[in-house]
Amino acid sequence: MKAIETFYNGYRFRSRLEARWAVFMDSCGIRYEYEPEGFEVDNWRYLPDFYLPAYKYWLEIKPTLPEEIEETMYGTVARK
């Protein structure tokens with residue numbers, strides 16, 4: 001299924017799911033920056049969805065659990 005680009009709060013989100021998370025963070029008073037910076041790791045490009053400056057934390061939004069390569073690249077991911 002193709003993501004639906006969504007405009008919210010001055011940002012152009014690549015998907016409605018990302019926009020929904022932005023709405024949630026706004027309602028909780030959590031300041032965020034959307035796709036502020038990309039990285040290149042071992043010739044592999046990565047653009048995290050959100051940066052939470054107050055927590056110095058990067059947040060990646062996915063509709064499913066991460067792929068094995070994503071866990072390898074970004075570290076352990078909390079699971080239920």
Measure the spacing between [atom1] of [X] and [atom2] of [Y] and express it to the nearest 0.5 Å.
X	Y	atom1	atom2	value
R12	T6	CZ	OG1	10.5 Å
R14	D49	CZ	CG	8.5 Å
I4	F13	CD1	CZ	15.0 Å
E18	K62	CD	NZ	8.5 Å
E35	Y51	CD	OH	16.0 Å

(request) Compute whether any side-chain donor of one residue and acceptor of the other, for E60 and Y46, lie under 3.5 angstrom apart. (result) yes
(message) Is a donor from one side chain sitting under 3.5 angstrom from an acceptor on the other, for N9 and Y34?
(response) no
(request) Anything under 30° is parallel, anything over 60° is perpendicular, the rest tilted; go ahead and classify Y11 against Y32. (result) tilted
(request) Answer with yes or no whether the hydrophobic clustering places I30 together with L17; edges join I, L, V, M, F, W, Y residues whose side-chain heavy atoms lie under 4.5 Å apart. (result) yes
(request) Indicate, with yes or no, if V23 and I61 share a hydrophobic cluster defined by side-chain heavy-atom contacts under 4.5 Å among Ile, Leu, Val, Met, Phe, Trp and Tyr. (result) yes
(message) A quick test of your reading: do over 12 heavy atoms of other residues, nucleotides or ligands sit less than 6.0 Å from OH of Y55?
(response) no
(message) Measuring only between side-chain heavy atoms, which start at C-beta, is W21 closer than 4.5 Å to S15?
(response) no
